[in-house]
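Here the structure comes first, spelled out in structure tokens, and everything after it is commentary.
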Amino acid sequence: MSNRKLPLSFYRRQDVVSIAQELVGKVLCTRIGSASLTSGIITETEAYCGRGDQACHANNGTRTDRTETMYQAGGIAYIYLCYGIHHLFNVVTNAKNKADAVLIRAIQPLDGKKEMLQRRNKENINPALTAGPGRLTQALGITTGFDGTPLIANSIWIEDRQIDFGSSLVANKRVGVDYAGKDAKLPWRFYPQESKWVSQK
DNA sequence: CATTTGATGTTCT
DNA sequence: GAACATCAAATGC
């Protein structure tokens with residue numbers, strides 16, 4: 001039960017790309033206020049590194065009110081508003097003042113499917129429910145109000161339920177970061193090749 | 001089917 | 001003002 005929750009030591013390692021790879025297959029869980037537990041298998045992640053990665057908001061020591069969360073020690077949530085509409089969920093990694101993070105781009109629903117359908121105002125369970133960075137946050141009830149929340153507390157956390165995609169896990173270019181020059185080509189996006197629960201390019 | 005467009009907060013110019 | 005780690009609905013074949 002509680003021993004399945006990933007410990008802070010998982011997040012505070014230095015290699016954000018390895019962490020992004022290992023997060024695929026883990027289970028992202030939320031219990032928001034009095035709502036029921038909602039969770040899903042992480043099926044798509046992207047790594048962002050604060051030093052030398054032009055696609056990262058906090059690259060090259062850039063500090064703003066928004067990115068300050070990424071400079072904290074690993075093991076907390078970095079949630080920001082994208083295009084003024086979508087709440088995007090990231091896992092902060094590495095030590096304090098090392099602005100690394102992993103963007104969660106898609107999940108496969110597990111617990112609380114009814115709750116997720118309500119939040120998304122949908123009738124049927126299909127990839128459009130939770131495959132996409134803006135979609136999964138809405139399904140899980142994650143908003144920018146949870147920015148900086150520790151992932152070892154009881155609102156948002158990640159569990160290891162021994163799910164392994166094995167060799168079907170592939171690396172590819174990240175999505176929507178064409179502006180990042182040569183860094184746009186880095187193979188820092190991870191997902192199981194055969195999974196339907198992955199965002200469309 | 002494919003392509004375009006509207007929504008719209010934060011950050012940078 | 002413009003651009004942005006996006007989505008859904010409208011429009012055009």
Side-chain angles (χ1 to χ4, degrees), chain A residues 11 16-21 23-24 28 38 40 42-72 74 76-94 98-109 116-149 151 156 158 170-191 196-201:
Chain A
Y11 303 105
V16 65
V17 178
S18 295
I19 296 173
Q21 197 166 344
L23 278 175
V24 180
L28 176 61
T38 45
I42 297 172
T43 51
E44 185 179 0
T45 65
E46 287 180 3
Y48 288 84
C49 178
R51 297 164 308 291
D53 173 15
Q54 293 180 45
C56 181
H57 290 159
N59 181 40
N60 208 17
T62 306
R63 279 182 185 251
T64 66
D65 287 345
R66 181 177 67 161
T67 61
E68 191 60 31
T69 308
M70 263 203 278
Y71 287 90
Q72 303 306 306
I76 61 174
Y78 166 50
I79 302 161
Y80 74 97
L81 207 54
C82 180
Y83 296 104
I85 302 174
H86 305 290
H87 305 266
L88 266 55
F89 174 75
N90 300 250
V91 173
V92 176
T93 71
N94 213 329
K98 300 281 177 62
D100 293 353
V102 177
L103 169 68
I104 309 299
R105 289 190 55 86
I107 64 170
Q108 177 176 341
M116 292 193 234
L117 287 169
Q118 267 183 14
R119 286 177 180 144
R120 293 272 297 133
N121 197 23
K122 297 268 183 195
E123 300 278 320
N124 304 110
I125 296 173
N126 57 44
L129 185 66
T130 56
R135 290 168 172 169
L136 75 91
T137 53
Q138 190 183 0
L140 293 177
I142 296 173
T143 67
T144 53
F146 291 96
D147 185 45
T149 300
L151 299 176
I156 306 172
I158 300 176
V170 295
N172 220 320
K173 291 187 307 186
R174 292 175 291 181
V175 174
V177 294
D178 291 343
Y179 61 90
K182 62 179 177 15
D183 293 331
K185 295 176 181 163
L186 291 169
W188 284 3
R189 170 175 175 241
F190 301 98
Y191 57 96
K196 291 178 166 51
W197 299 89
V198 172
S199 70
Q200 296 302 113
K201 175 78 181 334

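The chains referred to below are lettered A, B, ... by the order of the sequence lines, with proteins before strands, and numbering in each begins at 1. Note that this is a predicted model, so its numbers are computed, not measured.
- Residues forming a side-chain contact (heavy atoms from CB on, under 4.5 Å) with A:Lys122 (at least two apart in sequence, or on another chain): A:Leu117, A:Arg120, A:Leu129.
- Residue pairs satisfying the salt bridge (charged side-chain N to carboxylate O under 4.0 Å, His left out) criterion with at least one member in residues 177-190 of chain A, sequence neighbours excluded, are listed as follows: A:Glu44-A:Arg189.
- Shown here are the ring-ring contact (aromatic ring centres under 6.0 Å, His included) partners of A:His57, two or more places apart in sequence or in another chain: A:Tyr80.
- A:Arg189 comes within 4.0 angstrom of nothing in the nucleic acid, heavy atoms only.
- A distance-only check finds no donor-acceptor pair linking the side chain of A:Thr67 to the backbone of A:Met70 [under 3.5 Å].
- Residues passing the side-chain contact (heavy atoms from CB on, under 4.5 Å) test with A:Leu151 are A:Tyr11, A:Ala77, A:Phe89, A:Val91, A:Ile156, sequence neighbours excluded.
- Listed by chain and residue number, A:Glu68, A:Tyr71, A:Asn97 satisfy the side-chain contact (heavy atoms from CB on, under 4.5 Å) test with A:Arg63 (two or more places apart in sequence, or in another chain).
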Dump every N/O contact between nucleotides 11-13 of chain C and the protein below 3.5 Å, one line per pair.
none

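- Atom CD in A:Gln54 sits about 13 Å away from atom P in C:dC4, given to the nearest Å.
- Partners of A:Ser18 under the side-chain hydrogen bond (donor to acceptor under 3.5 Å, both in side chains) rule, at least two apart in sequence or in another chain, are A:Asp15.
- Spacing between atom CG of A:Asn121 and atom P of C:dA9 amounts to 9 Å, rounded to whole angstrom units.
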Any chance you could list the contact pattern along nucleotides 7-13 of chain B? Use B for base contacts, S for sugar-phosphate-only contacts and - for none, protein heavy atoms under 4.0 Å, 5' to 3'. BBBSSS-

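- Legend: side chain to side chain donor-acceptor pair (under 3.5 Å) pairs involving residues 125-137 of chain A, not counting sequence neighbours: none detected.
- Rounding to the nearest 0.5 angstrom, the gap separating the CZ atom in A:Arg119 from the CG atom in A:Leu140 is 7.0 Å.
- Here A:Gln54 contributes atom CD and A:Leu186 contributes atom CG; the two are 9.5 Å apart, rounded to the nearest 0.5 Å.
- Considering CZ of A:Phe190 and CG of A:Asn172, their distance stands at 10.0 Å, rounded to 0.5 Å.
- Helical stems of DNA chain C (runs of at least 3 Watson-Crick or G-U pairs, donor-acceptor distances under 3.5 Å) are listed by first residue: B:1-7 with C:6-12, B:9-12 with C:1-4.
- Sorted by residue number, the list of members of residues 126-147 of chain A with any non-hydrogen atom under 4.0 Å from DNA chain B is empty.
- Qualifying side-chain contact (heavy atoms from CB on, under 4.5 Å) partners for A:Ala47, counting only residues two or more places apart in sequence or in other chains: A:Val16, A:Val17, A:Ala20, A:Trp188.
- Taking CG of A:Asp147 as the start and NE2 of A:His87 as the end, the distance is 11.5 Å to the nearest 0.5 Å.
- For A:Arg120, a side-chain nitrogen or oxygen approaches OP1 or OP2 of C:dA8 to under 4.0 Å.
- Taking atom C1' in both C:dA8 and B:dT10, one finds a spacing of 22 Å when rounded to whole Å.
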